Structures are given as C-alpha cells and as structure tokens.
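Below is one structure; the comments refer to it alone.
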There are 2 protein chains.
Amino acid sequence: MTSSPYHHGNLREALVDAAVDVVRDGGPEALALRELARRLGVSHNAAYRHFADREALVDVVAERALAGMVDLVHRRLAGVTEADPVSRARRRLMEIGEGYVEFALTQSGLFRLLFTAYPEPPASKGADGTLAPGDDPYGMLNAALDDLVAVGFLAPEDRVGADVTCWAAVHGFAVLNIEGPLRGLSPAERQATLAGLLMAIDRGLGAGGDWPALARS
Amino acid sequence: MTSSPYHHGNLREALVDAAVDVVRDGGPEALALRELARRLGVSHNAAYRHFADREALVDVVAERALAGMVDLVHRRLAGVTEADPVSRARRRLMEIGEGYVEFALTQSGLFRLLFTAYPEPPASKGADGTLAPGDDPYGMLNAALDDLVAVGFLAPEDRVGADVTCWAAVHGFAVLNIEGPLRGLSPAERQATLAGLLMAIDRGLGAGGDWPALARS
DNA sequence: CCGTTGAAGTTACCGCTGTCAACATCGCCT
DNA sequence: AGGCGATGTTGACAGCGGTAACTTCAACGG
C-alpha cells in the first residue's frame, strides 16, 4: 500500500514479517532463507543485502518475539485490579508467570527461537541499554519481586535468589509443555498444574533456613 | 579388540558411540550422518544399513543419554546417609534435583538432545514397558515424592501436582543455565542459586490453599 | 567343494540448505 | 549527462539427508 520505494518493494520488513510468520509455528529450524525469498517472489541471496547471514535475521526475529512477550505480559498486568497491596503484588507476580507460559504455548515457535538466541544477558540490565530496564521479562519479574519486598510479603534476605527460582520454575513448565514430555496435557490439566506450580512458588519464596545440613560439596 | 566380524567392523555400535561423543558437547544439531561416517572411515550411506534415518540414530543416542542420567542420579541417591526418615526423604528429593542439573551441565549436549526426542511420555509409566517404572528420572521423582507422603512430610492432597512442580523448576534451571540467559554464571553462583531453588521447592510443596482468588479465566 | 543367498558397504544421484563472487539494474545526486 | 551506490540476480561451491542400483563377502546347503 505504501508504494514500493525501490526495486521490488521494501524487503527487510517483508523478510522479517515472513520470518516471524514461519517461525511462529515451525520453530527456528523452519526458518530457511531460500524458502523465505521464494515465498516473497524474490531471488535467493536478495536477503543478503539486508542481513549479514541467517543468524542476523534470527536475531531480529528474536527481538520481535521478545517484544511480543513483553506486550502480552504488560496487558495482563494492566488487568490486575486487587486493591490490597500484598494481594496485588502477589497477583502481579502470578500474572507474569501465566503470561510467560501463555506466550510460550500460543507462540511456541517464537518462544523456542527466543532461547536459542536470547537478545541480551540479563546481567547487564541497566548498563548502557537502548532498552528500558523494565522492558524485558526478567526486568518485569525483578520489579514484581521488589514490590513483594516493599510490601512486606517477602523478606529482603529471601529476595536474592528469588528471581532465578521464579524464572526457572515457569520456564521449565513452559518447556516441558512445548517440546517436553508434558505436551499432550489437556488445557484443563495444564491450567491446574500451572496453578499448583505458581502456588508452590508463592509459598516457597520465603524459604528461611530450615535446612541446616544443606551446605555440601 | 573383539575382532571385526564383518566387512569393516561392527558399525552400529561404533556409530552410536561416535554419535554420543559428538552430541555430548555439540548438541543434537552437531550430529551429521556423513561426518560420522567420515570419522569412522566408512562411506556415507553405510549408516543406512543400521538406522532407517537420522532420527533413528538420534533415538538410540537419547536412550543412552537417559540411561546415563539415571545412572548418575542413582549414584547420588546411594550416597544419602541420613537416618531420620523425613530428612532422608527430603535429602533424596534434593539429590534427584541436583543430579538432574549436574547431568544437564556436564553433558549438556546429551541433555539437550534428550528433550528434542524424549524416549517415552511419562503418562504410560507402567504400561507394557520394557522399562522398570523407576528407571527413568520421572519415575524416580515420583518415588521420592511418594516417600515424602509416606513419611508424613507432604500431605496427600498436595501430592498431586508436586511432580510437575519439581520437574519444571529443576528443568527450567538447567535449561536457563545451558542455553539460556543464565549461562556464564560462575559455578559458585550456580550452586547457590540452585540451593535456593531447591529450598524454595522443599518449602513450597505443602502449598495448602491460602490463595482464595486463584480461580480465574 | 562349489554355488547361491542375503547382509553390509559403496558409488552415483537428487534436492535442500547457507554462503561467496560476479554481474545487472535502477534511483538519486552532482 | 554521467556516475555512484544501494538493491537484486545469476551462478557456483560445499555440506547435508535420503533413495536407488551396484558390489563385496561370509555363511550355508547341496
């Protein structure tokens, strides 16, 4: 619609769009430059004028996927209505987890690609980023956990590993349900087990030290 | 050593051995039939006399990987010395988790392959199996959780989703540390965060129902 | 002792992939 | 007008999985 400014149209965007489309329900391994070019009516190698190699295109798709996931979680967070600060903070944490899983299940191809080429290691969250510190799932998780501390639900000394614990649990659940042995669960079973997982996390976060013999090897 | 009974030796086993070797630290995507044949001094296509296609070889490698992981966890379980039944059961659960992660980190390629071709969906655990019900990680996890119930640490009504919760948490931790954004953690950080995760699970399992507003959507 | 048979391995080919190099085209700017 | 640089095309190479037809060789029966 916007006219074709150059030779044959605005590739790059068309390539990225098509790539997202292909990956969404085929996973990263379904992304083939030649087949993409074929589908766009352009000759193979045309893509190399816009991306150094396949990996470069994958990276752009990963950014899109990440943005989509952040968007989905944001929408979920916006729907939280609890008034009581503690309930609200706990609910927000659960919404993040559920949103994460929802994205993983509904856009499983993009989710899988995301974890073969994760855009930015979260260690450098606030470094010199073009990315606001809360605009990736890990940042949102950390914000929610900080809220839990501020609100008094989570003891500050239990805050330290909580981010990894939450992320690991939810991520593992997603992976096992997509490519792992838990695919094939009915949506109802899935929702129930996810609820159980989130409740376990909610309760387990304040882990105190009731395990003296832990330090080993 | 055992002589070469046929044309050129006992392929198949040599193929599987080499495949395990390649996959161990290259992941499933590093497994190429042709390169394997080349390394064994045999012509490509020779493998097709022993495996229908690449996938068939992958499946055999997956079985080996699974056996290796089970073996590792068994060895860890054999080292548990706690006398008190409750402590012992809890310790055994943690050993399973730590063994799972240890295998994932030290044999990451095999671990990754395992979850692109998991041998048997655990739903049919005791069906008509050639596999004893406790001889896969999921079975061992379930046995440990049953122990926790028998010993009184875990309420029977909290038993139901506990398997998925444990598996998801530990699996997610492993994945995030291998291919995900948590690679690059130092071993010490890793051990500390894993300990936190396991403690959170240990505490969170008895999740009771202190979240009335959970039923939604 | 010889010949047949069937398993194991080989050569040749096909289509697919990513990637490099050389060539063609077209808009814009001097 | 002319050229330059961005864009796209054609052609080639290597590597991959997979199929088909051919060859080798050990074992077994007559």
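Letters A, B, ... are given to chains in the order of the sequence lines, protein chains preceding strands, and every chain is numbered from 1. Small disclaimer: the values here were computed from a predicted structure and weren't measured.
At the heavy-atom level, A32(A) lies under 4.0 Å from the strands shown only through sugar-phosphate atoms. If you check every strand for non-hydrogen atoms under 4.0 Å, R54(A) touches sugar and phosphate atoms only. R38(B) comes within contact range of the sugar-phosphate backbone alone, with a heavy-atom separation under 4.0 Å but no base atom that close. Using a 4.0 Å heavy-atom criterion, one finds that L31(B) contacts the sugar-phosphate atoms exclusively. H44(A) comes within contact range of at least one nucleobase, with a heavy-atom separation under 4.0 Å.
For R49(A), the side-chain atoms get nearest to dG8(D) when compared with the rest of dA21(C), dG9(C), dG8(D). Here dC16(D) is the nucleotide among dT9(D), dG9(C), dC16(D) with the atom lying nearest to any side-chain atom of E35(B). Ranking dG9(C), dG18(C), dG8(D) by closeness to the L33(A) side chain, first place goes to dG18(C).
The aromatic rings of Y100(A) and H171(A) sit perpendicular to each other, their planes meeting at more than 60°, with 30° as the lower class boundary.
Considering L66(A), D21(A), V20(A) as possible partners of V61(A), the one that fulfils the side chain to side chain contact (heavy atoms under 4.5 Å, CB included) test is V20(A). Of the residues L33(A), L11(A), V16(A), the one that meets the side chain to side chain contact (heavy atoms under 4.5 Å, CB included) test with F51(A) is V16(A).
Close to dT10(D), at under 4.0 Å from its OP1 or OP2, lies a side-chain N or O of S43(A). The shortest distance between the side-chain N/O atoms of H50(B) and the OP1/OP2 oxygens of dA7(C) is not below 4.0 Å. Residue Y48(B) places no side-chain N or O under 4.0 Å from the OP1 or OP2 atom of dG9(C).
Atom-to-atom, CG of N10(B) to P of dA7(C) comes out at 18 Å; the value is rounded to the nearest Å. Straight-line distance from the CD atom of E55(B) to the C1' atom of dG18(D): 14 Å, rounded to whole Å. A straight line from CG of L57(A) to P of dT19(C) spans 11 Å, rounded to a whole angstrom. The separation between D53(B) atom CG and dC16(D) atom C1' is 14 Å, rounded to whole Å. The interatomic distance linking L15(A) (CG) with dT7(D) (P) rounds to 12 Å, in whole Å.
Rounded to 10 degrees, the angle between the two end axes of the helix from dC1(C)-dG30(D) to dT30(C)-dA1(D) is 20°, with five pairs used at each end.
Considering every non-hydrogen atom in both P137(B) and V70(B), the closest pair reads CD-CG2, 3.8 Å. The two residues I96(B) and M140(B) make their nearest non-hydrogen contact at CD1-O, 3.5 Å. In plain terms, the two heavy atoms of E35(A) and V22(A) that are nearest each other are OE1-CG2, 4.5 Å.
Atom-to-atom distance recorded for Q107(B):CD and M69(B):CE is 11.0 Å, nearest 0.5 angstrom.
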What verdict does the salt bridge (Lys or Arg N to Asp or Glu O under 4.0 Å) test give for R64(A) and D71(A), after you've listed the backbone C-alpha separation in whole Å, the side-chain angles of each residue and the deciding distance to 0.1 Å? CA-CA 10 Å; R64(A) 286 242 192 145; D71(A) 193 57; over 6 Å; no
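In terms of polar N and O atoms assigned as donor or acceptor, the side chain of N45(A) never comes within less than 3.5 Å of the base of dT19(C) in a complementary pairing. Interface remark: the R34(A) side chain does not form any donor-acceptor pair with the dG15(C) base, using a distance-only criterion of under 3.5 Å. Judged by distance alone with a 3.5 Å cut-off, no donor-acceptor contact links the side chain of R12(A) to the base of dT7(D).
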